[in-house]
Chemist: 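Sharing a structure with you now.
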Amino acid sequence: MSVVVRFAPSPTGFLHIGGARTALFNWLFAMHCKGKFLLRIEDTDRERSTDAAIKAIFESLKWLELNWNEEPVFQFARASCHAEVAHNLVKEGKAYYCYCSPDELEKMRKDALEKGLPPRYNGLWRDRPVSEAPKGIPPVIRFKAPTKGKTVINDITQGIVELSNSQLDDMVLLRADGTPTYMLSVVVDDHDMNITHIIRGDDHLTNAFRQYHLYKACGWDVPQFAHIPLIHGPDGAKLSKRHGALGAEQYRAMGFLPDAMKNYLLRLGWAHGNDEIISIEQAIEWFDISSVGRSPARFDMAKLTNLNAHYMRISSNERLLKEIKPLLKEKVKDDVLLENGLKQILQGMDGLKIRAKTLVELAENSFFYIKKPNFDAKNGLLSKPISSSKVEGAYEAQNRSVLDIHEGHLRESQISPKPHEDSSIEATNKFAEEIELRKIKSIENHVKNGEQSIQNLKNFLQLVESLSSFQNIESEIRAYCKNAGMKVGDFLYPVRIAIVGCSASPNLFEIMGIIGKIETMDRVQNYKNFLELI
RNA sequence: GUUCCCAUCGUCUAGCGGUCUAGGACAUCGCCCUUUCAAGGCGGCAACACGGGUUCAAUUCCCGUUGGGAACGCCA
């Protein structure tokens with residue numbers, strides 16, 4: 001029998017990181033077994049399901065290249081089908097009508113809790129004759145779960161898990177308004193879709209026991225289960241928005257590559273010896289759900305970032321250029337300027353890509369190829385420093401575009417906050433303060449070394465002017481520095497700022513070669529003028 | 001509260017009774033390289049939660065304790 005798996009998100013929000021991993025594991029398993037990977041949208045909750053969420057889920061899966069077979073199934077469209085199953089079960093005496101009001105149920109749970117019992121439905125209407133039914137109250141249909149014995153599930157990742165049937169209660173199959181509940185819908189859909197393996201989060205493990213009996217009552221084969229552990233936040237608690245429960249789309253916006261994302265997610269709870277970098281082809285070959293770990297893993301932004309940097313380094317220059325083009329386009333209105341800059345960026349890409357960890361960072365660090373640094377004497381250097389209040393979380397910091405903050409102004413080193421393992425507000429604020437200090441320090445350095453910088457720039461201009469060929473600039477500068485008893489780095493420090501607008505950049509000689517003599521001279525002249533004014 | 005699941009460096013993990021003075025990766029620290037920043041190279045710090053068994057031998061098996069997590073809806 002060939003393998004059929006499914007990913008079944010409910011469209012009540014974006015595809016979060018845990019969902020993405022579940023989808024990945026399903027997909028990988030299907031690919032490994034040469035089976036099918038189906039998609040089902042569980043939209044039976046009409047209140048909370050949105051079209052925007054459905055769209056976001058599709059987009060995220062496409063971004064991750066987790067392509068599904070066949071048309072997606074929309075669960076709500078099959079509601080009448082599910083209801084029919086419930087009614088049949090009533091006819092067969094395997095389910096019954098229950099007339100309890102929500103208030104009664106709440107009281108029931110409260111009482112049970114007070115007695116130290118699990119807060120569950122007590123089977124009040126299970127054996128009560130329908131003749132006792134109160135008038136005018138629409139009933140729900142409840143499933144008659146077994147009360148004696150135990151249920152055993154042989155879960156592919158969890159192993160053999162047993163549950164005493166006394167723990168089961170009579171779950172609602174059909175609501176008072178006639179619509180099916182999740183418990184009913186999943187079972188009917190999974191059966192109708194011929195799902196052979198259900199791979200999902202282990203928060204569904206207890207549901208599996210209840211669903212098991214529903215399959216049996218319907219006379220259907222029970223699929224194989226594989227309940228994979230959930231992903232936790234850096235603090236070990238459930239993943240919350242504060243630390244990583246972002247939508248896949250947001251990781252995309254932060255400049256992560258789908259390859260990096262998948263590699264990271266794959267290694268969360270699963271390993272193949274000491275292999276860390278695993279291509280998708282290898283993953284398909286090696287993956288098996290039975291070796292997925294049973295302990296929950298914590299989400300670690302630093303590792304994801306590291307992996308992303310790796311995948312950027314091995315990406316082709318053309319691909320990276322394509323990826324950052326939209327980001328740059330947002331900042332540059334002039335098409336001619338943009339296209340020219342893009343050409344230069346491609347030439348300098350080898351130097352740029354090893355210095356960036358995300359596409360956003362790459363775009364920012366490439367910006368100087370498009371536009372000259374804007375030294376504004378009136379407003380002064382760094383007139384708009386980042387205020388620490390702006391940085392509320394490491395993820396926001398990661399997201400922050402230096403270009404947004406002070407486009408064209410001097411940037412003191414690449415301000416690319418490293419994602420800390422500790423993403424608490426305190427740690428983040430401390431980090432923001434450090435950035436602030438670094439910036440202040442850099443301004444002080446400039447004022448202190450202003451005279452020296454101006455002198456260096458003058459000498460640089462003179463030297464370039466006297467050059468017979470701009471090609472020889474590196475050797476000429478080295479010779480010049482040797483003569484003057486100066487360190488090349490010291491001499492070039494202000495030149496770098498003049499050209500790039502910041503004290504960190506790829507190889508300066510390479511950059512000068514790409515932008516050319518005229519542009520080089522122009523930028524240096526600008527900066528010199530600026531320094532002389534302040 | 002009840003039930004279920006989990007427990008190796010800060011994090012992700014390798015380990016499937018002797019190979020373990022516990023391996024790798026990320027993070028971190030130091031050195032080298034170097035025009036800056038990276039990348040790269042080399043090295044350092046760092047873990048078997050605890051207590052009982054079983055065994056000639058436990059990180060590995062069993063039982064408890066502790067600590068985490070999940071489920072207990074007319075949500076999915």
Side-chain angles (χ1 to χ4, degrees), chain A residues 8-12 42-45 47-49 75 98 100 102 105-106 109 112-121 138-142 158-159 161-164 166-169 171-177 179 181-183 185-186 201-207 209 227 229-230 232 234 236-238 264 267-277 293-307 309 313 351-357 365 413-414 418-422 474 477-478 481 487-493 495-497 500 502-509:
Chain A
S10 60
T12 53
E42 310 218 312
D43 54 351
T44 51
D45 185 343
E47 303 266 300
R48 296 193 297 152
S49 297
Q75 196 160 55
C98 165
C100 282
L105 290 171
E106 202 176 315
R109 288 190 195 102
L113 224 40
E114 271 170 16
K115 284 182 200 158
L117 296 167
R120 279 194 290 260
Y121 177 67
V140 299
I141 293 179
R142 283 185 184 271
Q158 300 287 329
V161 190
E162 294 184 359
L163 187 76
S164 165
S166 61
Q167 298 297 320
L168 263 23
D169 71 346
M171 60 189 172
V172 173
L173 260 22
L174 213 61
R175 298 185 188 105
D177 65 0
T179 58
T181 61
Y182 162 79
M183 285 293 180
S185 297
V186 241
D202 70 3
D203 49 337
H204 285 289
L205 184 59
T206 49
N207 290 337
F209 290 100
H227 288 95
L230 265 20
H232 288 179
K238 201 175 173 181
Y264 175 71
R267 282 287 291 99
L268 226 49
W270 182 86
H272 184 268
N274 281 337
D275 293 302
E276 295 288 344
I277 305 291
R294 278 185 274 176
S295 60
R298 297 181 189 204
F299 182 79
D300 181 8
M301 194 71 164
K303 192 148 183 174
L304 206 211
T305 306
N306 174 276
L307 235 23
R313 266 176 262 140
L352 291 166
K353 72 180 176 187
I354 56 167
R355 275 165 249 263
K357 296 193 185 302
N365 296 350
S413 77
Q414 315 298 62
K418 280 175 192 146
H420 278 252
E421 64 274 0
D422 179 6
E474 179 165 1
I477 284 180
R478 284 191 192 285
C481 288
K487 279 187 181 164
V488 180
D490 291 342
F491 180 64
L492 250 28
Y493 183 72
V495 178
R496 168 168 275 113
I497 290 168
V500 182
C502 125
S503 66
S505 82
N507 186 313
L508 240 201
F509 295 116

Chemist: Under a 3.5 Å limit for both distances, which nucleotide forms a Watson-Crick or G-U wobble pair with B:C37, could you say?
Modeler: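 Partner of B:C37: none.
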Chemist: Students often get this wrong, so: under 4.0 angstrom with heavy atoms, is A:E162 touching a base, only sugar-phosphate, or nothing?
Modeler: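 Sugar-phosphate: the residue A:E162, judged by heavy atoms under 4.0 Å, touches backbone atoms but no base.
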Chemist: Looking only at atom P, what distance separates B:U60 and B:C6, rounded to whole Å?
Modeler: 15 Å
Chemist: Can you check the A:Q158 CD to B:A7 P distance for me, whole Å?
Modeler: 10 Å
Chemist: What closest approach, in Å, do A:A176 and A:P138 show between heavy atoms, and which atom pair accounts for it?
Modeler: CB-O, 3.7 Å
Chemist: State the pairing partner of B:C4; accept Watson-Crick or G-U wobble contacts with both distances under 3.5 Å, and report none otherwise.
Modeler: B:G69
Chemist: Round to a whole Å and report the spacing from NE2 of A:H272 to C1' of B:C12.
Modeler: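 Rounding to the nearest Å, NE2 of A:H272 and C1' of B:C12 are 17 Å apart.
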Chemist: Distance check, C1' atoms only: B:A47 and B:U11, in whole angstrom units.
Modeler: 12 Å
Chemist: Of the nucleotides B:C74, B:G24, B:C6, which one has an atom closest to the side chain of A:R267?
Modeler: B:G24
Chemist: Give me the atom names and distance for the closest heavy-atom approach of A:A504 to A:C502.
Modeler: O-SG, 3.0 Å
Chemist: OP1 or OP2 of B:C6 versus the side-chain N and O atoms of A:R294: is any pair under 4.0 Å?
Modeler: yes
Chemist: Suppose you measure atom C1' in B:C9 against the same atom in B:C48; what distance do you get, rounded to whole Å?
Modeler: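 Each nucleotide's C1' atom is 10 Å from the other's.
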Chemist: Would you say that A:Y121 contacts A:C100 through its side chain, given a criterion of any heavy-atom pair below 4.5 Å between the two side chains?
Modeler: yes
Chemist: Would you kindly give the CG-to-P distance between A:L352 and B:A39, to the nearest whole Å?
Modeler: 15 Å
Chemist: Please report the distance, rounded to the nearest Å, between CZ in A:F299 and C1' in B:G10.
Modeler: 16 Å
Chemist: On RNA chain B, does the nearest nucleotide to A:L163 precede the nearest nucleotide to A:C100 from the 5' side, or the other way round? Give the residue.
Modeler: A:L163
Chemist: I need the CG-C1' distance between A:D275 and B:C12, as an integer number of Å.
Modeler: 14 Å
Chemist: Ring centres of A:Y182 and A:H204 under 6.0 Å apart?
Modeler: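 Ring centres of A:H204 and A:Y182 closer than 6.0 Å.
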Chemist: Please write out each protein N/O paired with an N/O of nucleotides 30-35 of chain B under 3.5 Å, distance rounded to 0.1 Å.
Modeler:
residue: B:U35; atom: OP1; partner: A:R478; partner atom: NH1; Å: 3.0
residue: B:U35; atom: OP1; partner: A:R478; partner atom: NH2; Å: 3.3
residue: B:U35; atom: O2; partner: A:R496; partner atom: NH1; Å: 3.3
residue: B:U35; atom: O2; partner: A:R496; partner atom: NH2; Å: 2.9
residue: B:U35; atom: O4; partner: A:N507; partner atom: OD1; Å: 2.5
residue: B:U35; atom: O4; partner: A:N507; partner atom: ND2; Å: 2.5

Chemist: A:N274 side chain: which of B:G24, B:A76, B:A39 is closest?
Modeler: B:G24
Chemist: What are the atom names and distances for every N/O pair under 3.5 Å that joins the protein to nucleotides 64-73 of chain B?
Modeler:
residue: B:G69; atom: O2'; partner: A:H232; partner atom: NE2; Å: 3.3
residue: B:A71; atom: O2'; partner: A:T206; partner atom: OG1; Å: 2.6
residue: B:C72; atom: O2'; partner: A:P119; partner atom: O; Å: 3.4
residue: B:G73; atom: OP2; partner: A:R109; partner atom: NE; Å: 3.0
residue: B:G73; atom: OP2; partner: A:P119; partner atom: O; Å: 2.8

Chemist: For B:A25 versus B:G64, give the span between their C1' atoms, rounded off to a whole number of Å.
Modeler: 35 Å
Chemist: Looking only at side-chain atoms of A:L268, point me to the closest of B:A76, B:A27, B:C12.
Modeler: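 Selected nucleotide: B:C12.
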Chemist: Between A:A356 and A:A297, just flag the one whose closest nucleotide in RNA chain B comes earlier from the 5' side.
Modeler: A:A297
Chemist: Without swapping roles, check the side chain of A:R294 against the backbone of A:Q158 for a donor-acceptor pair under 3.5 Å.
Modeler: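 Indeed, once roles are kept as given, a pair shorter than 3.5 Å links the two residues.
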Chemist: Looking at every strand, decide which applies to A:G269 at a 4.0 Å heavy-atom threshold: base, sugar-phosphate, or nothing.
Modeler: sugar-phosphate
Chemist: My understanding is that only residues two or more places apart in sequence, or in another chain, count here; which of them pass salt bridge (Lys or Arg N to Asp or Glu O under 4.0 Å) with A:E162?
Modeler: A:K150
Chemist: B:C4 and B:A46: how far apart are their C1' atoms, nearest whole angstrom?
Modeler: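 Their C1' atoms lie roughly 34 Å apart.
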Chemist: Run the salt bridge (Lys or Arg N to Asp or Glu O under 4.0 Å) test against A:E474 and tell me which residues pass, sequence neighbours left out.
Modeler: A:R478
Chemist: Tell me what A:E276 touches on the nucleic acid: a base, only sugar-phosphate, or nothing, going by heavy atoms under 4.0 Å.
Modeler: base
Chemist: Is there a donor-acceptor pair under 3.5 Å between the side chain of A:S10 and the backbone N or O of A:E42?
Modeler: no
Chemist: Return the minimal non-hydrogen interatomic distance between A:I477 and A:F509, and the atom names on each side.
Modeler: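 Looks like CD1-CE2, 3.9 Å.
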Chemist: For residues A:Q75 and A:V186, report the shortest heavy-atom separation together with the two atoms involved.
Modeler: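 Taking every non-hydrogen atom into account, NE2-N, 3.6 Å.
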Chemist: Say you pick atom C1' in B:A38 and the same atom in B:C33; how far apart are they, in whole Å?
Modeler: 13 Å
Chemist: Does A:R48 have any salt bridge (Lys or Arg N to Asp or Glu O under 4.0 Å) partners at least two apart in sequence or in another chain, and if so, which?
Modeler: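 Scan of A:R48 (salt bridge (Lys or Arg N to Asp or Glu O under 4.0 Å), adjacent residues dropped) gives A:D45.
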Chemist: In Watson-Crick or G-U wobble terms, both distances under 3.5 Å, what is the partner of B:C45?
Modeler: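 Pairing partner, where one exists within any strand: none, as none qualifies.
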Chemist: Find the distance A:I354:CD1 to B:A39:C1' and express it as a whole number of Å.
Modeler: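 Result: 4 Å.
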Chemist: Please report the distance separating the P of B:C5 from the corresponding atom of B:C61, rounded so that it comes out in whole Å.
Modeler: 15 Å
Chemist: Starting from P on B:C26, measure out to NZ on A:K303 and report it in whole angstrom.
Modeler: 7 Å
Chemist: Tell me every residue that passes side chain to side chain donor-acceptor pair (under 3.5 Å) with A:T179, counting only those two or more places apart in sequence or in another chain.
Modeler: A:R175, A:D177
Chemist: Starting from C1' on B:U36, measure out to CG on A:N365 and report it in whole angstrom.
Modeler: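 In whole Å, B:U36 C1' and A:N365 CG are 13 Å from each other.
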Chemist: Using a 4.0 Å heavy-atom cut-off across all strands, classify A:T44 as base, sugar-phosphate, or nothing.
Modeler: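 If one applies the 4.0 Å heavy-atom cut-off, A:T44 turns out to touch the sugar-phosphate alone, with no base involved.
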Chemist: Could you give the distance separating B:G10 and B:U28 at their C1' atoms, to the nearest angstrom?
Modeler: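 One C1' to the other, the span is 9 Å.
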Chemist: Under a 3.5 Å limit for both distances, which nucleotide forms a Watson-Crick or G-U wobble pair with B:A27, could you say?
Modeler: none
